[in-house]
2 protein chains.
Amino acid sequence: MIAKTPTPPYYAVIFSSTRTEGDNGYSKMADKMVDLAKEQDGFLGVESARNELGITVSYWRDLNAIKKWKDNAAHSIAREKGRNGWYRSFKTRIAKVERDYEFEK
Amino acid sequence: MIAKTPTPPYYAVIFSSTRTEGDNGYSKMADKMVDLAKEQDGFLGVESARNELGITVSYWRDLNAIKKWKDNAAHSIAREKGRNGWYRSFKTRIAKVERDYEFEK
């Protein structure tokens with residue numbers, strides 16, 4: 001659900017995507033990548049939702065943690081499969097979270 | 001769909017939320033707020049998806065444009081209604097997009 005991130009600053013990777021038709025192993029790989037991301041040093045949390053558009057925001061301590069996750073071998077293979085099959089289009093944005101505020105009933 | 005934003009830097013407002021039961025006028029107001037946001041100076045685009053968790057990311061030219069949208073009267077009323085009824089919880093993160101890259105088949 002809503003990620004419990006620390007006090008800013010920290011980083012967000014906003015990944016917005018549209019999918020091709022059919023699952024074709026996508027959901028299983030997506031779950032696996034979330035599990036793997038959670039094990040990485042500097043990982044702070046992840047939020048995900050999908051309708052026609054999918055948005056996954058992962059949160060990281062710093063740019064170095066993001067770079068190491070990008071270079072992770074299993075993640076690189078998954079991204080390659082994404083480009084070759086699962087995704088019709090995507091856009092990745094690397095952003096520095098400067099402040100946040102929250103509400104809970 | 002995926003927002004066509006300019007070359008960074010620009011700002012993202014990442015709004016993650018969980019809803020209370022029932023629509024109660026929420027969808028109509030959400031559409032209205034997106035229409036209104038699009039008219040604001042400095043608005044660059046918006047992306048939205050919802051399952052159990054909803055994620056709306058709006059993109060803005062700078063912090064001043066975000067502040068003006070926050071102070072918009074109709075938007076302030078909508079936010080108040082959100083806290084009083086539509087949302088169970090939310091978290092807003094203000095983030096500076098430092099770089100982005102995209103893919104399209």
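Because the structure is a prediction, the values reported are computed rather than measured. Per chain, numbering begins at 1; letters A, B, ... match sequence-line order.
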With a 4.5 Å cut-off on heavy-atom pairs, point out which of A:Glu52, A:Glu102, A:Glu104 contacts chain B the most.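 Top option by heavy-atom pairs under 4.5 Å: A:Glu102.
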
Contact winner vs chain B - A:Ile2, A:Leu63, A:Val97, heavy-atom pairs under 4.5 Å: A:Ile2

Is there a donor-acceptor pair closer than 3.5 Å between any side-chain N or O of B:Asn51 and the backbone N or O of B:Leu53?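 No; zero donor-acceptor contacts below 3.5 Å.
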
Can you tell me if A:Asp23 uses its side chain to pair, donor with acceptor, with the backbone of A:Ser27 under 3.5 Å?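 Checked: pair present.
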
Do the side-chain N and O atoms of B:Asp100 and B:Tyr10 include a donor-acceptor pair separated by under 3.5 angstrom?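 Present: a donor and an acceptor within the cut-off.
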
For residues B:Ser17 and B:Arg50, is any side-chain donor paired with an opposing acceptor at under 3.5 Å?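 There is such a pair between these side chains.
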
For the rings on B:Tyr87 and A:Phe103, is their centre-to-centre separation under 6.0 Å?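 No: the rings miss the under 6.0 Å criterion.
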
Are B:Trp60 and B:Phe43, when compared by the centres of their aromatic rings, separated by less than 6.0 Å? yes

Rounded distance [0.5 Å steps], NZ in A:Lys38 versus CE in A:Met33: 13.0 Å

Counting a contact as any heavy-atom pair under 4.5 Å apart, which residues of residues 69-83 of chain A contact chain B? A:Lys70, A:Gly82, A:Arg83

Cation-pi geometry met for A:Arg61 and A:Tyr11 (6.0 Å, 45°): no

Identify which part of A:Tyr59 has an atom lying under 4.5 Å from any heavy atom of chain B, answering side chain, backbone, both or neither. side chain

Which of the residues B:Ile14, B:Thr20, B:Thr5, B:Thr18 is involved in the greatest number of heavy-atom pairs with chain A at under 4.5 angstrom? B:Thr5

Against chain A, work out which of B:Lys91, B:Lys105, B:Arg93 has the most heavy-atom pairs shorter than 4.5 Å and name it. B:Arg93

